Student: 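A single structure is presented below for examination.
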Amino acid sequence: VSRAWLDEREAEHDNLRAALDRLDVAAETQLVLRLAGALWRFWGLRGPHAEGMSRLDQALASDESATAARASALIAAAALAVDVKEYGRGRQHADEALTLYRELNDAWGIARATFFQGYVAIESGDFAEARPHFETPPTAHAFMVRRLKDRAPWVIGRAGMQYRDLIPGRLGGSITNTLRIQADSM
């Protein structure tokens, strides 16, 4: 989050409050969840925390649908709870977010919620509890480099790979940005 982003939110804070209020009155609960969830860094860094927590609590209470917007708002609520040292509340929100992301089969969301479970544990001083949340889970995937059948000195490789790119089905199952990399002559 940049200072410019925070300054823009500060300048538009009254308008953002009005937007949240109007969306709430119009029963646009998913939009309220999305907007409130997007503002947590602003509330956490510029305050007031109480307003952010109240807005998120209201949004979460108004729509219990199992959606990505709710899961993201739960992460936001967990972060703000940790900021004010309400670790039990933060853990509860992170746990519910993880459950939702699993229901939605959202691998990135699962990773995010798992990170926040660890974040809550670290901030509360429970390092033993935090550790498993930051360990790389075992995976059934493998990355192999082999020579081509024609014994060409080139193999297929991947540039700029991120772990989430290895998740089956991500990006339609294709791995993009493939390069030919010269094989080690040994």
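Position 1 is the first residue of the sequence; numbering continues from there. Keep in mind it's a predicted model, so treat the numbers as computed, not measured. Just the heavy atoms: all of them, side chains too, but no hydrogens, waters or symmetry mates, feed the values below.
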Student: Are R70 and E96 ion-paired here, with the side-chain N under 4.0 Å from a carboxylate O?
Tutor: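 Yes, R70 and E96 are salt-bridged.
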
Student: Would V25 end up clustered with L16 when hydrophobic side chains under 4.5 Å apart are linked, directly or stepwise?
Tutor: no

Student: Does D57 come within less than 4.0 Å of R89, counting only side-chain N to carboxylate O?
Tutor: yes

Student: What heavy-atom pair brings A19 and L35 nearest, and what distance separates the two atoms?
Tutor: CB-CD2, 4.1 Å

Student: Linking I/L/V/M/F/W/Y whenever their side-chain heavy atoms sit closer than 4.5 Å, directly or via other members, would I122 and V82 fall into one cluster?
Tutor: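 They do share one cluster, since a chain of ILVMFWY contacts under 4.5 Å joins I122 to V82.
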
Student: In this structure, which one of L20, D63, L56 forms a side chain to side chain contact (heavy atoms under 4.5 Å, CB included) with V32?
Tutor: L20

Student: Measure the spacing between CG of D83 and NE2 of H49 and express it to the nearest 0.5 Å.
Tutor: 3.5 Å

Student: Any chance the side chains of Q58 and D24 put a donor and an acceptor closer than 3.5 Å?
Tutor: no

Student: Inspect the contact between D21 and R55 and indicate whether a charged nitrogen and a carboxylate oxygen are less than 4.0 angstrom apart.
Tutor: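 Judged by the 4.0 Å cut-off on N to carboxylate O distance, R55 and D21 do form a salt bridge.
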
Student: Start with the C-alpha gap between Y101 and I75, add the side-chain angles, then the distance that decides, and say whether side chain to side chain contact (heavy atoms under 4.5 Å, CB included) holds.
Tutor: CA-CA 11 Å; Y101 280 128; I75 294 293; 4.3 Å; yes

Student: For A128 and P132, which heavy atoms make the closest approach, and how far apart are they?
Tutor: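 Here A128 and P132 meet closest at O-CD, 3.3 Å.
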
Student: Aromatic rings Y119 and F115: how do their planes relate, parallel, tilted or perpendicular, breaks at 30° and 60°?
Tutor: parallel

Student: Check this for me: E86, atom CD, are more than 12 non-hydrogen atoms of other residues, nucleotides or ligands nearer than 6.0 Å?
Tutor: yes

Student: Does Y87 have any ring pair (Phe, Tyr, Trp, His ring centres under 6.0 Å) partners at least two apart in sequence or in another chain, and if so, which?
Tutor: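 For Y87 there are no ring pair (Phe, Tyr, Trp, His ring centres under 6.0 Å) partners, ignoring immediate neighbours.
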
Student: Distance alone, cut at 3.5 Å: any donor-acceptor contact between the side chains of S65 and Q30?
Tutor: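 Judged by distance alone, the side chains do not pair up.
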
Student: Between E28 and R22, does any NZ, NE, NH1 or NH2 come within less than 4.0 Å of an OD or OE carboxylate oxygen?
Tutor: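 Result for this pair is no, no salt bridge flagged.
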
Student: Report, one line per pair, each donor and acceptor closer than 3.5 Å where one atom sits in a side chain of residues 36-47; sequence neighbours left out.
Tutor:
from	atom 1	to	atom 2	distance (Å)
R46	NH1	D7	OD1	3.2
R46	NH2	D7	OD1	2.8

Student: Of all the heavy-atom pairs spanning A130 and G118, show the shortest one and how long it is.
Tutor: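 A130 and G118 have their closest heavy atoms at CB-O, 3.6 Å.
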
Student: What closest approach, in Å, do A94 and A113 show between heavy atoms, and which atom pair accounts for it?
Tutor: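 Between these two residues, the closest heavy atoms are O-CB, 4.1 Å.
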
Student: Taking all atoms of both residues into account, what is the closest heavy-atom pair of H93 and A77, and its distance?
Tutor: CD2-CB, 3.5 Å

Student: If you apply the rule side chain to side chain contact (heavy atoms under 4.5 Å, CB included), what do you find for R9 with H13, and how did you get there?
Tutor: CA-CA 6 Å; R9 298 308 148 308; H13 198 187; over 6 Å; no

Student: For N15, look at atom CG and say whether over 12 heavy atoms of other residues, nucleotides or ligands are found less than 6.0 Å away.
Tutor: yes

Student: How far apart are the C-alpha atoms of R17 and E51, what are their side-chain angles, what is the distance that settles it, and do they pass the salt bridge (charged side-chain N to carboxylate O under 4.0 Å, His left out) test?
Tutor: CA-CA 10 Å; R17 286 179 177 131; E51 177 184 359; 2.9 Å; yes

Student: Side-chain contact, heavy-atom cut-off 4.5 Å: E8 with E12?
Tutor: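 With C-beta onward as the side chain, the pair stays apart.
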
Student: Answer yes or no: are there more than 12 heavy-atom neighbours, outside R34 itself, under 6.0 Å from its atom CZ?
Tutor: no

Student: Which pair of heavy atoms, one from G90 and one from A78, lies closest together, and at what distance?
Tutor: O-CB, 3.4 Å

Student: Please step through side chain to side chain contact (heavy atoms under 4.5 Å, CB included) for the pair S72 and R112, ending with a clear verdict.
Tutor: CA-CA 9 Å; S72 185; R112 186 174 182 227; 3.4 Å; yes

Student: Counting N and O atoms only, with roles assigned by atom type, does the side chain of T114 sit under 3.5 Å from a partner on the main chain of I110, one being a donor and the other an acceptor?
Tutor: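 Between the backbone of I110 and the side chain of T114 there is a qualifying donor-acceptor contact (under 3.5 Å).
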
Student: Which ILVMFWY residues are connected to L60, directly or by a chain of links, through side-chain heavy atoms under 4.5 Å apart?
Tutor: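 Members alongside L60: L33, L74, L100.
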
